[in-house]
Amino acid sequence: MMNEISAVKQDTALRHSVALEDRRNLTVTGVLAVVSYDAFTAALETPRGTLTIGGENLNVSELSVSTGEVRISGSIEYLQYTDKKEMRESFFKRLVR
């Protein structure tokens, strides 16, 4: 019984979704951490890698640590995922140069 409960909790923690409305309002669920943000970019750590949001006048209007939900408003121009492995490799590539 205990293994079933932990499996359900683990599955819920790995769920992740992105909903974009009119390129102005973005809701992201399953966020593990907000890595950084300013008026032009926001970087969110998700179970599927780092999600980078780019645009202008970005504002993190809501952050729920308990549910992992983040809401961002502003003029959203792009969404980009970077796998954790790719980030680590690019760091080492830059270090070796």
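As a basis for the values below, the full set of heavy atoms in this structure was taken, side chains included, without hydrogen atoms, waters or symmetry mates. Residue indices begin at 1 and follow the sequence shown.
Between Ile53 and Thr41, the closest side-chain pair of non-hydrogen atoms is not below 4.5 Å. Proximity of Tyr78 to Thr52: side-chain heavy atoms (C-beta onward) are separated by under 4.5 Å at one or more points. Contact annotation: the side chain of Val18 approaches that of Leu51 to within less than 4.5 Å [non-hydrogen atoms, C-beta and beyond]. Proximity of Val70 to Val60: side-chain heavy atoms (C-beta onward) are separated by under 4.5 Å at one or more points. Side-chain contact between Leu26 and Leu79 is present, with heavy atoms from C-beta onward closer than 4.5 Å.
Listed by first and then second residue, the side-chain hydrogen bond (donor to acceptor under 3.5 Å, both in side chains) pairs involving residues 18-29 are Ser17-Thr29 (not counting sequence neighbours). For residues 63-74, every residue pair satisfying the side-chain hydrogen bond (donor to acceptor under 3.5 Å, both in side chains) rule, not counting sequence neighbours, is listed here: Ser64-Ser66, Ser64-Thr67, Glu69-Arg71.
By the criterion of side-chain heavy atoms lying less than 4.5 angstrom apart, applied directly or through intervening Ile, Leu, Val, Met, Phe, Trp or Tyr residues, Leu20 is grouped together with Leu63 in one hydrophobic cluster.
The minimum heavy-atom distance between His16 and Tyr81, with the atom names listed, is NE2-OH, 2.5 Å. Of all the heavy atoms in Ala43 and Thr50, the pair that sits closest is CB-CG2, 4.3 Å. Nearest approach of Pro47 to Leu32, heavy atoms of both residues: N-CD1, 3.9 Å. Considering all non-hydrogen atoms of both residues, Asp38 and Phe40 come closest at OD1-N, 2.7 Å.
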